[in-house]
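See below for the structure under consideration.
Because only heavy atoms are used, hydrogens play no part in the values below, and waters and symmetry mates are left out as well, while side chains stay in. The sequence lines fix the lettering, A, B, ..., with proteins before strands; numbering per chain opens at 1.
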There are 2 protein chains.
Amino acid sequence: MNTDAHNGIDYSMLQSRIGYMLRRAQMAYFDIFAEACAKEGITPGLFGILAIVYRNPGLTQTAVSSALDVDRSAMVAAIDKLEEMEVMERRKSQNDRRSYALYLTDKGKAFTDRLNRTVIERESDFEHFLNEDDREWLLKILDRIVQAKKGN
Amino acid sequence: MNTDAHNGIDYSMLQSRIGYMLRRAQMAYFDIFAEACAKEGITPGLFGILAIVYRNPGLTQTAVSSALDVDRSAMVAAIDKLEEMEVMERRKSQNDRRSYALYLTDKGKAFTDRLNRTVIERESDFEHFLNEDDREWLLKILDRIVQAKKGN
DNA sequence: TATTGTTATACTCTATAACTATA
DNA sequence: TATAGTTATAGAGTATAACAATA
């Protein structure tokens, strides 16, 4: 099956590249994901920060940036935004006065819960073509890819 | 297994989202892919165009842009670059004088063959953790995701 | 009227480098 | 010396809108 069913174009050189197919699949999912985030007034990037701090309260900005694989300079405006929304707060770190410890406010916890439910709902509406085994297997393989990269 | 093995951070809210894991996996692969392209003096975006025109000679710029899901305005500079490299050429279309038909030069065909081999090599070096069945299954699932999105 | 290629423009995302205050 | 947060800035990638030539 070297030919795309819909427009008669031969994608074979790309369709056999996992890198390319990951990109296309990610673009497809990103639309769903971004739409779910937008519905709650947020962006995919900010969702990642909320999700990390939700489960790991007290991390520094740099720790979060490194967990998400983005530069720490990108955190400043992002945390500013989240503080403006009153869902996150910077607290002066006790032992190291250079850094902040990040925490969700009560509002932020409720917000993240609701956001997370919205994202899960939208994704599972979209995932009718995957059964539970497929889903689990896919997540496992994707995690293996991510971990493999870390070891270069 | 809700915790990342390497840095002690709890990723569970993200690690169960296919959208997020696709993004991380894609980032991991993108590095490999971009590096292979760079080795041949090209970018991932240009690889996509070469791969489509290689298998579908004579397409218009708009047809290629739509095959790759990018705006047609982005094609202009890209095709300019490929013509500069003497790997692709615009030929005036016979029946529609508004459009160009795109073709690889002989040099472009050889270039794309070599490029494709380099990409395949780099990817398979990286894919030691996937057996052939895994690989095929993954490609099939990713294709299903892409196709599902087209039907909204 | 609609479409092709084109241009100008803007926007998002991200990385880099330099600064400050702390360590 | 090194690190945390910050700022300014620049680059890549992509989208939007408008225009001329052609359909």
| said: If you go through the side-chain atoms of A:R97, does one of them form a donor-acceptor pair with the base of C:dT22 closer than 3.5 Å? | reply: no
| query | Quick one: CG on B:L138 to CG on B:D143, what's the gap to the nearest 0.5 Å? | reply | 11.0 Å
| query | Any donor-acceptor pair under 3.5 Å between the side chain of A:R98 and the base of D:dG5? | reply | no
| field | Atom pair CG/CD of A:L102 and A:E83 - distance to nearest 0.5 Å | value | 8.0 Å
| request: Please evaluate the base of C:dT16 for a donor-acceptor partner in the side chain of A:S73 within a cut-off of under 3.5 Å? | output: yes
| note | Comparing nearest nucleotides in DNA chain D, the 5'-proximal residue of the pair B:D69, A:M75 is A:M75
| field | B:Y54 side, atom OH; B:F111 side, atom CZ - distance, nearest 0.5 Å | value | 13.0 Å
| message | Under 4.0 Å, counting only non-hydrogen atoms across every strand here, what does A:D96 touch: a base, just sugar-phosphate, or nothing? | response | sugar-phosphate
| Just how far, in rounded Å, is P of C:dT12 from CD1 of A:I42? | 16 Å
| note | In whole angstroms, the gap separating C1' of C:dT12 from CG of A:D31 amounts to 15 Å
| message | Heavy atoms from C-beta onward define the side chain here; which of C:dG5, D:dA4, C:dA15 lies closest to that of A:D71? | response | C:dA15
| request: Specify the separation, in whole Å, of atom CZ of A:R72 and atom P of C:dA15. | output: 12 Å
| task | Establish, with yes or no, whether the OP1 or OP2 oxygen of D:dT6 is under 4.0 angstrom from a side-chain nitrogen or oxygen of A:R90. | result | yes
| query | Hey, is the side chain of B:T62 poking within less than 4.0 Å of OP1 or OP2 on C:dG5, counting only N and O atoms? | reply | yes
| For the residue pair A:Y11 and A:Y20, is the inter-centroid distance of their aromatic rings smaller than 6.0 Å? | no
| query | Within this structure, what is the CD-to-C1' distance between A:E89 and D:dG5, rounded to whole angstrom? | reply | 18 Å
| query | How long is the line joining CG of B:L82 and P of C:dG5, in whole Å? | reply | 15 Å
| query | Between A:D80 and A:R90, does at least one N-O distance fall below 4.0 Å, as a salt bridge requires? | reply | yes
| Atom CD1 of B:I49 to atom C1' of D:dG13: distance rounded to whole Å? | 12 Å
| Nearest-Å distance for atom pair OH/C1', residues B:Y100 and C:dT3 | 15 Å
| Where the side chain of B:R23 is defined as all heavy atoms beyond and including C-beta, which of C:dG5, D:dT6, C:dT14 is the nearest nucleotide? | C:dT14
| said: What is the separation between atom CD on A:Q26 and atom P on C:dC13, rounded to the nearest whole Å? | reply: 13 Å
| request: For A:N95 and for A:F30, find the nucleotide of DNA chain C with the closest heavy atom, then tell me which residue's nucleotide is more 5'. | output: A:F30
